[in-house]
Amino acid sequence: MIDIKFIRNNPDLVREAIKNKNEKADINALLAIDESRRKLQYDFDNLKSRQNSVSQTIARKKKAGENADAELQEMAVVAEENKRIAADLTAANNELEALLLTIPNIPQPEVPVGRDESANTIERVWGTQPEYSFEPKDHLAIANQNGYLDLPRGAKISGSGFPIYTGQGARLERALISFMLEYHLQKHGYEELMVPLAVNRKTMTGTGQLPKLEDDMYHINEDDLFLIPTAEVPVTNIYADEVLSYKDLPKCYVSYTPCFRREAGSYGKDTKGLQRLHQFNKVEMVRFVEPEQSPATLEEMLRNAEAILQAFGLHYRVLNLCTGDTSFASQRTYDLEVWAPGSQKYLEVSSVSNFGEFQARRANIRYKDKDGKVRHLHTLNGSGLATPRLMIALLETYQQVDGSFVAPEVLKPWLGIRL
RNA sequence: GGAGAGGUGACCGAGUUGGCUGAAGGUGCACGCCUGCUAAGCGUGUGUGGGUCAAAAGCCCACCCAGGGUUCGAAUCCCUGCCUCUCCGCCA
């Protein structure tokens with residue numbers, strides 16, 4: 001959420017951000033409500049002030065055994081009027097709050113302006129596209145040949161987009177998750193969290209998924225709970241409505257969770273095999289930092305995610321997302337795209353974002369700095385990494401001429417654990 | 001799911017026959033003093049949000065889980081919701 005004071009003072013900046021992010025939000029309406037709200041607040045305060053002082057007079061007179069009928073009569077009228085104003089004020093506050101929740105975060109100046117992914121720029125490239133002496137197969141062919149996946153039965157019991165990993169495939173998936181978790185724990189200094197997979201409405205609003213993306217989420221009606229689309233949601237919200245100390249920061253968390261996405265509106269687009277799923281596994285990094293630290297932290301988290309791809313020896317590129325491709329809540333985002341030789345394309349396996357104080361404002365996460373001042377902290381997160389497309393890249397990159405799969409060396413111990 | 005108890009500031013914890021309590025006391029924290037050895041003591045200060053203001057100071061308003069209600073006036077009374085704890089039931 002953007003500070004209303006900031007919007008008041010920089011309406012054009014906010015309008016431009018909304019346009020560049022392909023969002024819709026009426027700043028004029030918002031400013032009008034803000035103004036009427038302040039007028040109501042002013043009236044309310046003054047009336048209340050009068051009420052408070054006379055009430056004290058009443059208390060004093062009654063204690064002294066004097067008659068206070070005149071005051072009581074006046075206050076009966078004032079109380080009635082103030083009740084009306086208070087109702088209007090509450091309505092105005094609610095309306096303002098609802099509108100504020102629809103204003104996206106403002107991209108940082110260095111983010112390239114553009115409508116869609118075609119305006120993204122390539123930040124850097126690691127490795128090169130591997131060459132094969134044979135025609136490389138796509139991951140689905142390899143998975144089927146080796147019995148790693150059973151998509152038809154997944155579709156039977158749940159629907160398309162709910163994969164079943166079978167045998168060595170399941171083992172490989174689990175190895176990937178363990179490897180990535182341990183890598184971040186041991187080499188990057190994160191702390192692990194295991195979190196709820198169903199969260200309430202307030203939590204979904206805190207990170208910015210609601211109200212915008214309600215249609216994209218699985219919802220449990222009876223309890224008004226949502227299945228999480230990413231661990232970012234529960235992890236970022238763990239400090240909602242709290243005031244931390246500067247000494248507690250930075251907080252660096254890594255968390256593995258399944259992720260659930262309805263992907264409403266994207267049916268039929270890149271859905272082959274594991275490319276786009278309703279349920280998938282992801283290891284997520286989340287950090288809470290002092291505002292001054294967030295730009296450098298973003299770079300560090302990007303390196304943390306890249307380290308995994310490098311460990312696996314996979315060719316990838318880093319994209320600097322343009323304004324139109326940067327998510328609602330993000331100020332700045334890098335995507336990691338890994339090369340899939342069989343499919344002949346780059347696949348997104350990670351998104352690393354700096355949210356500034358946007359989420360901290362929504363979720364009301366603050367900290368007390370060295371000078372004792374209470375401020376909103378900054379939140380960041382990044383996939384480190386999502387497994388399905390990582391699996392695609394691994395299978396396709398390390399396929400053999402006979403269609404078998406040989407895991408990269410670093411992964412072998414994780415697949416060969418003996419009891 | 002049934003019965004009971006409770007939710008106060010960064011934290012712990014007073015205050016519920018309604019009225020100078022934004023809220024005692026303690027811890028923590030900040031600054032200063034003292035001391036000199038990784039201790040203690042003493043002093044002072046220390047909530048958040050909003051409005052007014054160019055800004056600061058000042059002034060005003062709100063906030064004792066959340067949302068309603070009663071009242072001239074509520075942390076204190078009533079209702080609803082959420083959460084925590086204890087007991088019972090059910091279940092992994």
Side-chain angles (χ1 to χ4, degrees), chain A residues 1-10 30-101 194-206 210 220-226 234 237-251 288 290 357 360-377:
Chain A
M1 164 148 54
I2 306 288
D3 187 2
I4 180 64
K5 282 181 197 157
F6 182 88
I7 300 176
R8 216 140 64 198
N9 297 329
N10 309 277
L30 186 134
L31 290 175
I33 289 163
D34 177 47
E35 202 173 320
S36 68
R37 177 197 128 249
R38 276 146 73 203
K39 171 80 171 70
L40 285 166
Q41 183 75 53
Y42 182 80
D43 293 343
F44 176 83
D45 286 354
N46 286 335
L47 216 50
K48 196 73 189 171
S49 178
R50 169 84 182 138
Q51 208 177 15
N52 287 343
S53 72
V54 176
S55 284
Q56 294 209 359
T57 308
I58 293 171
R60 194 156 27 80
K61 284 198 171 181
K62 281 203 165 179
K63 221 165 236 173
E66 295 170 29
N67 183 298
D69 286 354
E71 285 84 356
L72 282 173
Q73 242 173 36
E74 188 201 341
M75 282 308 99
V77 178
V78 169
E80 201 54 43
E81 190 182 347
N82 218 15
K83 206 165 277 184
R84 274 207 322 278
I85 295 177
D88 290 347
L89 182 60
T90 302
N93 277 329
N94 290 342
E95 200 175 343
L96 182 70
E97 174 80 9
L99 274 176
L100 276 174
L101 288 177
M194 291 200 99
V195 295
L197 307 181
V199 300
N200 59 32
R201 192 169 282 276
K202 180 172 184 256
T203 298
M204 273 299 183
T205 307
L210 289 181
I220 301 159
N221 247 319
E222 285 78 357
D223 305 294
D224 198 23
L225 291 174
F226 297 85
N237 278 284
I238 60 179
Y239 293 118
D241 296 318
E242 292 191 36
V243 180
L244 305 176
S245 163
Y246 69 91
K247 290 176 186 162
D248 299 329
L249 303 177
K251 296 249 185 212
F288 302 83
E290 294 195 68
E357 62 172 34
R361 266 186 190 280
R362 286 189 163 231
N364 193 25
I365 310 169
R366 296 172 298 173
Y367 81 104
K368 194 170 265 192
D369 69 15
K370 281 189 187 65
D371 302 322
K373 206 169 164 258
V374 174
R375 308 165 66 191
H376 292 280
L377 47 72

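So that the names make sense, note that chain A is the first sequence line, chain B the second, and so on, each numbered from 1.
- Straight-line distance between the P atoms of B/rU21 and B/rC29: roughly 29 Å, to the nearest whole Å.
- If you measure from atom CD of A/Glu35 to atom C1' of B/rU52, you get 15 Å, rounded to the nearest angstrom.
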Tell me, with the steps shown, if A/Met1 and A/Glu97 meet side chain to side chain contact (heavy atoms under 4.5 Å, CB included). CA-CA 9 Å; A/Met1 164 148 54; A/Glu97 174 80 9; 4.0 Å; yes

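- Whole-Å rounding puts the A/Glu242 CD to B/rC11 C1' distance at 12 Å.
- Nucleic acid contact class of A/Arg37 (heavy atoms, under 4.0 Å, all strands): sugar-phosphate only.
- In this structure, A/His376 atom NE2 and B/rU48 atom P are separated by 12 Å, rounded to whole Å.
- For the pair A/Arg375 and A/Glu357, the salt-bridge criterion is not met [side-chain N within less than 4.0 Å of a carboxylate O].
- The A/Gln51 side chain lies nearest to B/rC72 when the options are B/rU48, B/rG51, B/rC72.
- Here B/rA10 presents its C1' atom at 16 Å from CD1 of A/Ile365, a figure rounded to the nearest Å.
- Looking only at atom types and distance, the side chain of A/Thr203 has a donor-acceptor partner in the side chain of A/Asn200 under 3.5 Å away.
- A salt bridge between A/Asp88 and A/Arg84 is absent, with no side-chain N of the basic residue lying under 4.0 Å from a carboxylate O of the acidic one.
- Counting non-hydrogen atoms of other residues, nucleotides and ligands closer than 6.0 Å to OH of A/Tyr246 gives a total above 12.
- Across all strands shown, B/rA55 forms no Watson-Crick or G-U wobble pair with both key distances under 3.5 Å.
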Contact string for nucleotides 61-69 of chain B, one letter per nucleotide 5' to 3', B = base within protein heavy-atom range under 4.0 Å, S = sugar-phosphate only, - = neither, reads SS-----S-

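- To the nearest 0.5 angstrom, A/Arg366 atom CZ is 12.0 Å from A/Lys373 atom NZ.
- B/rU8 and B/rC65: their C1' atoms are spaced 10 Å apart (whole Å).
- Pair check for B/rC85 finds B/rG4; Watson-Crick or G-U wobble, both atom distances under 3.5 Å.
- A distance of about 10 Å separates the P atoms of B/rG9 and B/rC64, rounded to the whole Å.
- B/rA75 is unpaired under the Watson-Crick or G-U wobble criterion, no partner having all donor-acceptor distances under 3.5 Å.
- Look at B/rU38: it lacks any Watson-Crick or wobble partner with both distances under 3.5 angstrom.
- For A/Glu242, the CD atom is densely surrounded, since the number of other residues' heavy atoms within 6.0 Å is greater than 12.
- Taking atom P on both nucleotides, B/rC77 is separated from B/rG58 by 35 Å, rounded to a whole Å.
- Rounded to a whole angstrom, the distance from the P atom of B/rU71 to that of B/rA10 is 34 Å.
- In this structure, CG of A/Asn82 is placed 17 Å from P of B/rC60, rounded to the nearest angstrom.
- Taking atom P on both nucleotides, B/rC11 is separated from B/rG4 by 30 Å, rounded to a whole Å.
- Look at the P atom in both B/rA74 and B/rG68: the space between them is 14 Å, to the nearest Å.
- Closest to the side chain of A/Arg38, out of B/rA30, B/rG19, B/rG51, is B/rG51.
- If you check every strand for non-hydrogen atoms under 4.0 Å, A/Lys39 touches nothing.
- With hydrogens and angles disregarded, a donor-acceptor distance shorter than 3.5 Å links the side chain of A/Asp248 to the backbone of A/Ser245.
- Taking only side-chain nitrogens and oxygens, A/Gln73 never comes nearer than 4.0 Å to OP1 or OP2 of B/rC72.
- Across the strands present, B/rA24 finds no partner; the criterion is a Watson-Crick or G-U wobble pair with both atom distances under 3.5 angstrom.
- When every heavy atom of A/Met75 is checked against every heavy atom of A/Val54, the shortest pair comes out as CG-CG1, 3.6 Å.
- The base-pairing partner of B/rC31, taking Watson-Crick or G-U wobble contacts with both distances under 3.5 Å, is B/rG43.
- Counting heavy atoms from C-beta on, the side chains of A/Gln73 and A/Asp69 never come closer than 4.5 Å.
- For A/Lys5, the side-chain atoms get nearest to B/rG51 when compared with the rest of B/rG51, B/rG73, B/rC29.
- Between A/Asp34 atom CG and B/rG50 atom C1' the separation is 11 Å, expressed in whole Å.
- Residue-level contact check: A/Arg60 touches neither bases nor backbone, having no heavy atom under 4.0 Å from any strand.
- Each of A/Val243 and A/Glu71 was assigned the nucleotide of RNA chain B with the nearest heavy atom; the assignment lying further toward the 5' end belongs to A/Val243.
- The separation between A/Asp43 atom CG and B/rG51 atom P is 14 Å, rounded to whole Å.
- The partner of B/rC90 cannot be assigned: no Watson-Crick or G-U wobble pair with both contacts below 3.5 Å exists in any strand.
- Taking atom CG of residue A/Asp241 and atom P of nucleotide B/rG9, one finds them 12 Å apart after rounding to whole Å.
- No engagement by A/Glu74 is indicated, since no non-hydrogen atom pair under 4.0 Å with the nucleic acid exists.
- Nucleotide B/rA62 has B/rU48 as its partner under the Watson-Crick or G-U criteria, with both atom distances under 3.5 Å.
- Comparing A/Lys63 and A/Ile4, the nucleotide of RNA chain B nearest to each residue sits closer to the 5' end for A/Lys63.
- For the P atom pair drawn from B/rU44 and B/rA39, the interatomic distance equals 24 Å after rounding to whole Å.
- Within 4.0 Å of A/Lys62, counting heavy atoms only, lies at least one base atom of the nucleic acid.
- At the heavy-atom level, A/Arg361 lies nowhere under 4.0 Å from the strands shown.
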